[in-house]
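Encoded as structure tokens, the structure appears first; notes follow it.
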2 protein chains.
Amino acid sequence: MTVMDTTDRKITGLLAEDARRSLADIGERVGLSPSAVNDRMRRLVAEGAIKRFTVDADPTALGLSVTAFLLVALDYETGEEAFTAFADGHPAVAECHHVTGEWSYLVKIRVRDLAGVEAFLSELKARRFLARSQTMIALSTPTERAFTSAEN
Amino acid sequence: MTVMDTTDRKITGLLAEDARRSLADIGERVGLSPSAVNDRMRRLVAEGAIKRFTVDADPTALGLSVTAFLLVALDYETGEEAFTAFADGHPAVAECHHVTGEWSYLVKIRVRDLAGVEAFLSELKARRFLARSQTMIALSTPTERAFTSAEN
DNA sequence: AGTGAAACAATAGAACT
DNA sequence: AGTTCTATTGTTTCACT
């Protein structure tokens with residue numbers, strides 16, 4: 001992957017804020033013509049630096065009122081691949097990270113209600129993935145952004 | 001907030017997959033004219049069901065190679081508001097959730113390198129937010145999606 | 001709420017530096 | 001890599017149902 005220059009980063013940042021900005025608008029802010037911005041955007045998408053154009057939807061409006069995090073230690077019998085394939089294919093799974101420390105995986109799920117959390121745990125148990133697990137329900141989430149700036 | 005009907009949910013889902021679809025394209029898929037889709041989209045944005053149009057950027061391409069999760073128990077002296085305000089204002093913080101269980105907050109950060117994790121922890125310590133904490137570094141993340149379907 | 005048409009704005013491509 | 005010009009495509013508004 002080619003490294004992004006400052007202009008690429010500005011463009012990506014502007015799009016992260018508002019992906020409906022016109023090429024002319026972005027061009028003005030970064031000092032390029034609309035066509036040049038278009039070329040760069042295509043390149044960023046082709047290279048995978050921009051994975052996709054999407055909307056930030058309020059999960060609650062979609063009927064997904066509960067966010068929960070599961071710390072899981074996999075059963076020794078379980079192949080990691082079987083678990084990650086299951087997680088990736090499951091509609092409730094928003095994120096699945098292989099992490100350092102006491103636990104193997106941190107899984108973030110979004111479900112309708114607490115019964116949805118229970119159902120998800122039951123699925124994991126039924127498939128014998130779990131050696132042990134710990135569940136944290138999000139009571140509130142003061143911050144949740146798709147984009148993190150690179151100022152650090 | 002008005003409840004979303006099936007068409008609204010379809011539109012939101014289509015936009016989450018690809019926010020650059022034309023009104024005509026979306027209209028065909030949901031059985032409406034471009035104008036009607038436009039009306040609904042405006043309403044969804046106005047109501048906050050669609051929070052914004054954005055891009056899903058690869059953090060690595062932006063120079064943020066490390067994702068880490070911090071479980072934090074706040075110091076008794078710390079006001080929760082002071083902590084959430086700090087987290088929300090910090091550029092490294094991608095998510096901050098108030099959670100049930102042994103820990104008060106789960107914080108997801110994205111930083112350049114491991115030194116960035118250490119720097120963030122130092123900041124928390126310097127501000128005397130921490131009673132105790134636990135850090136998990138993401139070794140790999142098999143799944144990370146902005147959008148979770150409502151099929152559960 | 002939705003349609004269809006016309007006016008307007010944005011994007012994509014070509015020719016060129 | 002970038003610019004400008006233009007054809008094509010997409011969006012917005014409005015009168016009407």
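Just so it is clear, the model here is predicted, and its values are computed rather than measured. Numbers restart at 1 for each chain; the letters A, B, ... are given by sequence-line order, proteins then strands.
For the pair A:Asp25 CG and D:dT11 P, the interatomic distance rounds to 17 Å; values are reported in whole Å. If you measure from atom CG of A:Asp18 to atom C1' of C:dA10, you get 14 Å, rounded to the nearest angstrom. A:Asp8 has its CG atom 12 Å from the C1' atom of D:dA1, to the nearest Å. Straight-line distance from the CE atom of B:Met41 to the C1' atom of D:dT11: 10 Å, rounded to whole Å. If you take CZ of B:Arg20 and C1' of C:dA12, they are 12 Å apart, rounded to a whole angstrom. With rounding to whole Å, A:Ile26 atom CD1 is found 12 Å from C:dA10 atom C1'.
Applying the salt bridge (charged side-chain N to carboxylate O under 4.0 Å, His left out) criterion to A:Asp25, with sequence neighbours excluded, gives A:Arg29. Contacts of B:Arg20 classified as salt bridge (charged side-chain N to carboxylate O under 4.0 Å, His left out), with partners at least two apart in sequence or in another chain: none. Qualifying side-chain contact (heavy atoms from CB on, under 4.5 Å) partners for A:Asp39, counting only residues two or more places apart in sequence or in other chains: none.
B:Met136 forms part of a hydrophobic cluster together with A:Phe69, A:Leu71, A:Val99, A:Trp103, A:Leu106, A:Met136, B:Phe69, B:Leu71, B:Val99, B:Trp103, B:Leu106, judged by ILVMFWY side-chain heavy-atom separations under 4.5 Å.
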Expected list for residues 118-128 of chain A: side-chain donor-acceptor pairs under 3.5 angstrom, two or more places apart:
residue  : atom : partner  : partner atom : Å
A:Ser122 : OG   : A:Glu118 : O            : 2.9
A:Glu123 : OE2  : A:His90  : NE2          : 2.8

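In the model, A:Thr54 has no side-chain atom that pairs as donor or acceptor with a side-chain atom of B:Asp56 under 3.5 Å.
Of all nucleotides listed (C:dG13, C:dT11, D:dT12), C:dT11 comes nearest to the side chain of A:Leu23.
Taking 4.0 angstrom as the limit, B:Asn38 places a side-chain polar atom (N or O) nearer than this to OP1 or OP2 of D:dT12. The side chain of B:Arg42 contributes an N or O atom lying less than 4.0 Å from OP1 or OP2 of D:dT13.
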Dump the pairs, protein N or O against N or O of nucleotides 1-8 of chain C, anything under 3.5 Å, distances to one decimal.
residue : atom : partner : partner atom : Å
C:dG2   : OP1  : B:Arg40 : NE           : 3.3
C:dG2   : OP1  : B:Arg40 : NH2          : 2.8
C:dG2   : OP2  : B:Arg40 : NE           : 3.3
C:dT3   : OP2  : B:Ser33 : N            : 2.8
C:dT3   : OP2  : B:Ser33 : OG           : 2.5
C:dG4   : O6   : B:Ser35 : OG           : 2.8

